[in-house]
Number of protein chains: 2
Amino acid sequence: MEDIARAAGVSTATVSRALNKPDSVSGELRRKVTSKVRELGYVPSGAARALASNRTFTVGAVVPTLNNAIFAASIEAFEETLSKNGYTLLVTVSNYDPTHEVEQIRRLLEREVDALMLVGLDHHDDAWRLVERSGCPTVAIWGHAKNPAIPCLGFDNASAAAHAIDHLVELGHRRIGMVAGISDGNDRARARRRGVERALKRHGLPVDAGLFTERPYSHNDGRAGFAEVMDRNDPPTAIMCGNDVLAMGVLFEARDRGIAVPAELSVIGFDNLPITEQLSPALTTIQVPSVAIGTASANAIVAHLADGSPIHSQTFDAPFVLRGTTRAVP
Amino acid sequence: MEDIARAAGVSTATVSRALNKPDSVSGELRRKVTSKVRELGYVPSGAARALASNRTFTVGAVVPTLNNAIFAASIEAFEETLSKNGYTLLVTVSNYDPTHEVEQIRRLLEREVDALMLVGLDHHDDAWRLVERSGCPTVAIWGHAKNPAIPCLGFDNASAAAHAIDHLVELGHRRIGMVAGISDGNDRARARRRGVERALKRHGLPVDAGLFTERPYSHNDGRAGFAEVMDRNDPPTAIMCGNDVLAMGVLFEARDRGIAVPAELSVIGFDNLPITEQLSPALTTIQVPSVAIGTASANAIVAHLADGSPIHSQTFDAPFVLRGTTRAVP
DNA sequence: TTGAAAGCGCTAACAA
DNA sequence: TTGTTAGCGCTTTCAA
């Protein structure tokens, strides 16, 4: 920066101003400075800037995984709008491990991110403590609560899942199983399962533990879940799934066993992955507003950082997508 | 840090050492310092550390998109091994726009990343210039070249695609079409297409431009590509695809048109997405070493940053995965 | 509108 | 092994 100042015949303060608040510098000097900057290929030091201004123009995120199209889409949208506003994204993955998440949060806080994004509202005590002590503006995405500890931009996983059950019950299904995601340490998966159980009760149907199983995130896990639930002497006539990947696993296993969907079995997914509409029959599922959440949370953060405007929780819709894998019980 | 020093009755230098090079401090003081750190919830300032040490322990990456399972997997692996070694990942997406990529690179360089990861070897002149002037250690992934301008960890897209064509020719196919990805500004897509064209020539087959089409990355693009190539009076008996998403689009369109695969048409994909083995028939494709590339490039960067060991280009295997969508020409 | 100068919170010589 | 001290390269008062 000193080189620029010397070359332009001004002080370093003027160089700094010309770069950061161009309006506070006369046109002539501004031009002189920017031309020298280009000429000398000057790239300012983010570290020095951060130290002096106490802003890094960096936002941190810790996500459970990137190997999930829905998260990836959300993060991409998040990054895109951050980037448009001059921020850069530090991403970190927790692998659904709360302890590891704490480490990742600490790492991001050490990097002095201007804000932090977390997935869900289920976190280790140390994570909450860390966030609170740091004073770093933090938002949660993907979750839902009346009074979340931090602003949360998400949707109501439980009631979305419940709507799917309503649909099944309307179609006459009485024995409904669920291949859920692993709910331990995952409030989204837990909410989806809870939503299903509550809806069942509301309709006066029994919640048969033998009809519920939890599985990790792969097609083969879906197949295995299907096998467990169907290999009973009184198998369900419909299966609700914790996500589309599990639902597709269910579909694949049904296909291989010669069980016709939806004629003999109804199946519902959750997420509305692009491929689900291409399947035949196309998967009935629930659409998750992943891009909207990513964009909205980035916008909220940017606005907050710009002028202190408060970050409000937002609840997005997660509409039911009726397609071909559900039908009235035979 | 001064608070810690005061509380522990030592100098700030000792605090710094106790935290960064524990071995250079006596056990007693080290314990005293770390206990005060915990007690006071001290979090070091990355900016100050970066300014003083000229290291940010941060690595930047600019990827075309995260909405591609293969990239996402690679980035996740990359992040995981960086993280294990104390580095944090700054990600940025270019949307396949070379000019935007330059901006993203500049942004990462301003953040003073210790190293940079780029996808492919096709970049704007300004990108190369920027990287070179900065002196920032940079690796490319996903590409392949004899003498790349920067170390490149990838695989030979062209010859992998060529092998697929060899297979088709062996099966007796003579009219082979291709639904390729958009090759403009994408050396991977271009290499795949070139590999196909060269293999065709090598086998003495004509390269019929009407049998080739380029499409973006979605199932519907694959369907449209299929339509274009098949709606000729002399349609191909086999279609090679630039990636699995396009290949699935081709499969879906064939299914909807009542064209039996592989009986009437052979189809080959590229990427080996998890779902391709679940389809019926399962997709014949090419496996891309996405996780290996992510892990290896992170390891190479970490090693280089630790002791200056040079980063060598590496070529990974991209094996042909023979499954059910290819068959001898009728 | 511009410049001088005092830090921002660390690390890394160098000395002790 | 520990402490002293001089920066790292900016931003930001404060004065001019």
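Since this is a predicted model, take the numbers as computed values, not measurements. Sequence lines set the chain letters: A, B, ... in the order given, protein chains first and strands last, and positions in each chain run from 1.
- In this structure, CZ of A:R6 is placed 13 Å from P of D:dC10, rounded to the nearest angstrom.
- Atom OG1 of residue B:T14 and atom CG of residue B:L19 lie 11.5 Å apart, to the nearest 0.5 angstrom.
- The interatomic distance linking B:F57 (CZ) with C:dT11 (P) rounds to 10 Å, in whole Å.
- In terms of phosphate contacts, B:T14 brings a side-chain nitrogen or oxygen within less than 4.0 Å of OP1 or OP2 of D:dG3.
- In this structure, B:K21 atom NZ and C:dT11 atom P are separated by 9 Å, rounded to whole Å.
- For B:N20, whose side chain is taken as the heavy atoms from C-beta onward, the closest listed nucleotide among C:dA13, D:dG9, C:dT11 is C:dT11.
- Each of B:R30 and B:E112 has a nearest nucleotide on DNA chain D; the 5'-most of these lies closest to B:R30.
- When the C1' atom of D:dG9 is taken as reference, atom CG of B:L51 falls 5 Å away, rounded to whole Å.
- Ranking C:dA12, D:dC10, C:dG3 by closeness to the A:Y42 side chain, first place goes to D:dC10.
- As a whole-Å value, the separation of A:L19 CG from D:dT12 C1' is 15 Å.
- Crowding of B:N20 atom CG: a count of heavy atoms from other residues, nucleotides or ligands under 6.0 Å exceeding 12.
- Here the shortest heavy-atom pairing between B:P64 and B:V93 reads O-CG2, 3.8 Å.
- Side-chain proximity of A:V25 to the nucleotides D:dT2, C:dG9, C:dT2 is greatest for C:dT2.
- Among the nucleotides D:dG9, C:dC10, C:dG3, the one closest to the side chain of B:A48 is C:dC10.
- Taking side-chain N and O atoms only, B:S53 has no distance below 4.0 Å to OP1 or OP2 of C:dT11.
- The A:A52 side chain lies nearest to C:dG7 when the options are C:dT2, C:dG7, C:dG3.
- The side chain of B:S16 contributes an N or O atom lying less than 4.0 Å from OP1 or OP2 of C:dT11.
- At least one donor-acceptor pair closer than 3.5 Å links the side chain of B:R190 to the backbone N or O of B:S183.
- Atom CD1 of A:I4 and atom C1' of D:dT11 are 17 Å apart (whole Å).
- Listed pair A:S45 / D:dC10 fails the phosphate criterion, with no side-chain N or O lying under 4.0 Å from OP1 or OP2.
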B:R49 and B:T56: CA distance, side-chain angles, deciding distance, side-chain hydrogen bond (donor to acceptor under 3.5 Å, both in side chains) verdict: CA-CA 8 Å; B:R49 171 177 293 172; B:T56 57; over 6 Å; no
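- Taking only side-chain nitrogens and oxygens, B:S26 comes nearer than 4.0 Å to OP1 or OP2 of D:dT2.
- Rounded to whole Å, atom P of C:dT2 lies 8 Å from atom CZ of A:R17.
- Here C:dG9 presents its C1' atom at 16 Å from CG of B:N54, a figure rounded to the nearest Å.
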